[in-house]
Amino acid sequence: MHYLPTRIIYGDKAVRNGFVYLNTLGKKALLVTGKNSARKCGAFDDVVNVLSGLKIEYVLFDCVCENPNLETVIQGAAIFKQNQCDFVIGIGGGSPIDAAKAIALTAANNLDIDHIYDTASFKKSYPIVAVPTTSGTGTEATQYSVLTDTALNKKAGFGHDLAFPALALVDPAYTLSLHRSVTLNTAIDALSHLLEGLYSNKRMPLLYPIIHRGVALIYQNLSLALDNLSEAKYRDALSQASLYGGITISHTSTTLQHSIGYPLTTAFNVPHGLANGIVMKQMLDLYYPYVKQELDDLFAYLGIDKNSFFAWLDSFEMRFEGALSQEFIDEKIPEVLASRNMANNPFSVSDKDIRSLFSSLI
Ligand code: NAP
Ligand code: FE
């Protein structure tokens, strides 16, 4: 089954070109952003200009930090309701957009902090608009929102069809202001989503052309983008790849690859994409016997073999800088095994698998 209810407008002036659809969503928007980058990259001004042309009012909620937490969602939902907003616009990387999704669902269903993940309580939502300013998560085309429960010190996502954005306005120009490290980490997140589209037991051949093209765009353009941060054509390639990654996981979900990364982010502040990247080779080796044909077909499409792919990954020198203890590993194994992504693996993941993945970082 192929299902993607998001209207996607991609390319130069995507926000301006989306005005016809923005006009149908209501009279007042809650704009959800992080602290600085939405303004810095020009997306905020573009959105505000279009809204004022359409006489749509807005309220700004610019309090979303990286890895948004449940308290932020509750705060945003309260502001949404106090101001009687009609829809949300998330402008930023995955963090503000995921927060915007959760705010819409929390406000629409009057959820308290203990029920934000309770998808059975999701009966309706407000329209969600996503304006991505990074090129990694693909959240503009997914039904997921990844949040951190600070009380449990745990990062986890929920997925529900009501969390698909109604509208995704994707202009790669916004990513021109990304620093080198965020460019790398977010591209590796997108790469991870694309590979997980092959690892997942929900993989589907209908998606393989998208996955192959997405991986090829990253393989051919990432180093060039990192050496030429202000070159639009490389930004365009990475934004497309990110979108393909989102479309992929909206169908296949993510896997152990993401579940391993979440504890590294909460405990050691490792950026999300990097957390995937530092175990990417180990993960590919683990999945290889189960999806050998699919991965070999991907390498054939790229015109390389698995070793060359690994050498290319090595060229980015992704490293884990923290100090992993055995206690940490013992504590996190049950958390990883209980994560909802475990249902998507083509084999039964064991304690030993997780221990050896974490141990590879010591
Ligand atoms: P992010 O956490 O949204 O942002 C990372 C940093 O980049 C922030 O400091 C942000 O600044 C800055 N930034 C964003 N856009 C910028 C721009 N155009 N120029 C300069 N700086 C910019 O990063 P992300 O990697 O996009 O999102 C990661 C989150 O998404 C994680 O929580 C991850 O788990 C989640 N995720 C969600 C999905 C999904 O399907 N829902 C999939 C994968 C990952 P500001 O704080 O000032 O904005
Ligand atoms: Fe991700």
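Start at 1 and go down the list; that is how both ligands and their atoms are numbered.
Taking 4.0 Å as the cut-off, Gln143 does not count as a neighbour of ligand 1 on heavy-atom distance.
Those atoms of ligand 1 that come under 4.0 Å of a heavy atom in Gly93, given as number and element, are 3 (O), 26 (O). Interface of His193 with ligand 1, defined as ligand atoms under 4.0 Å from a residue heavy atom, comprises 42 (C), 43 (C). Close contacts between ligand 1 and Thr142 involve ligand atoms 39 (C), 40 (O), 41 (N) [criterion: under 4.0 Å to a heavy atom]. Contact atoms of ligand 1 toward Thr186: 25 (O) (distance under 4.0 Å to a heavy atom of the residue). Each of the following atoms of ligand 1 lies closer than 4.0 Å to a heavy atom of Thr133: 14 (C), 15 (N), 16 (C), 17 (C), 18 (N). The ligand atoms of ligand 1 that sit less than 4.0 angstrom from a heavy atom of Pro96 are 3 (O). Within the listing of ligand 1, atoms 43 (C), 44 (C) sit less than 4.0 angstrom from a heavy atom of Asp189. Residue Asn36 approaches ligand 1 through these ligand atoms, each under 4.0 Å from one of its heavy atoms: 47 (O).
Atom 31 (C) of ligand 1 has its closest protein heavy atom at Lys155 NZ, 3.4 Å. Among all protein heavy atoms, the one lying closest to atom 44 (C) of ligand 1 is His272 NE2, 3.2 Å. Of the protein's non-hydrogen atoms, Val182 CG1, 3.8 Å is the one closest to atom 7 (O) of ligand 1. Atom 28 (C) of ligand 1 has as its closest protein heavy atom Thr137 CG2, 3.9 Å. In this structure, the protein non-hydrogen atom closest to atom 9 (O) of ligand 1 is Glu66 OE2, 3.1 Å. Looking from atom 1 (P) of ligand 1 to the surrounding protein, the closest heavy atom is Ser95 OG, 3.5 Å. Among protein heavy atoms, the minimum distance from atom 19 (N) of ligand 1 is reached at Ser177 OG, 2.8 Å. Regarding atom 14 (C) of ligand 1, its nearest protein heavy-atom neighbour is Ser37 OG, 3.3 Å.
Between Asp285 and Lys306 there is a salt bridge, with a side-chain nitrogen of the basic residue lying less than 4.0 Å from a carboxylate oxygen of the acidic one. Salt bridge annotation for Lys154-Glu335: absent, with no cationic side-chain nitrogen under 4.0 angstrom from a carboxylate oxygen.
Any N or O atom pair closer than 3.5 Å counts here, and His258 shares no such pair with ligand 1. Residue Asp98 has at least one nitrogen or oxygen atom sitting less than 3.5 Å from a nitrogen or oxygen atom of ligand 1, judged on distance alone.
Not one N or O on the side chain of Ser37 forms a donor-acceptor pair closer than 3.5 Å with the backbone of Lys40.
When you scan the N, O or S atoms of His193 for the one nearest the Fe ion (ligand 2), you land on NE2. For His258, the N, O or S atom closest to the Fe ion (ligand 2) goes by the atom name NE2. Taking the Fe ion (ligand 2) as reference, the nearest N/O/S atom within Asp189 carries the name OD1.
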Quiz prompt | Evaluation steps, salt bridge (Lys or Arg N to Asp or Glu O under 4.0 Å), between Asp171 and Arg16 | solution = CA-CA 10 Å; Asp171 186 339; Arg16 210 168 68 192; over 6 Å; no

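Checked against the 6.0 Å centroid criterion, the rings of Phe80 and Phe61 do not qualify as a close aromatic pair. A distance of 6.0 Å or more separates the ring centres of Tyr208 and Tyr301. Aromatic ring centres of Tyr199 and Tyr290: separated by at least 6.0 Å.
Looking at Thr139 and Lys101, their side chains do bring a donor and an acceptor atom within 3.5 Å of each other.
The side-chain heavy atoms of Pro96 and Thr133, taken from C-beta on, include no pair separated by under 4.5 Å.
Geometrically, Lys332 does not engage Phe358 in a cation-pi contact defined by less than 6.0 Å to the ring centre and at most 45° from the axis.
Relative orientation of the His272 and Tyr262 rings is parallel, given thresholds of 30° and 60° on the angle between their planes.
The distance from the OH atom of Tyr58 to the CZ atom of Phe87 is 12.5 Å, given to the nearest 0.5 Å.
Partner of Pro132 under the side-chain contact (heavy atoms from CB on, under 4.5 Å) criterion, out of Leu243, Thr175, Ile97: Ile97 alone.
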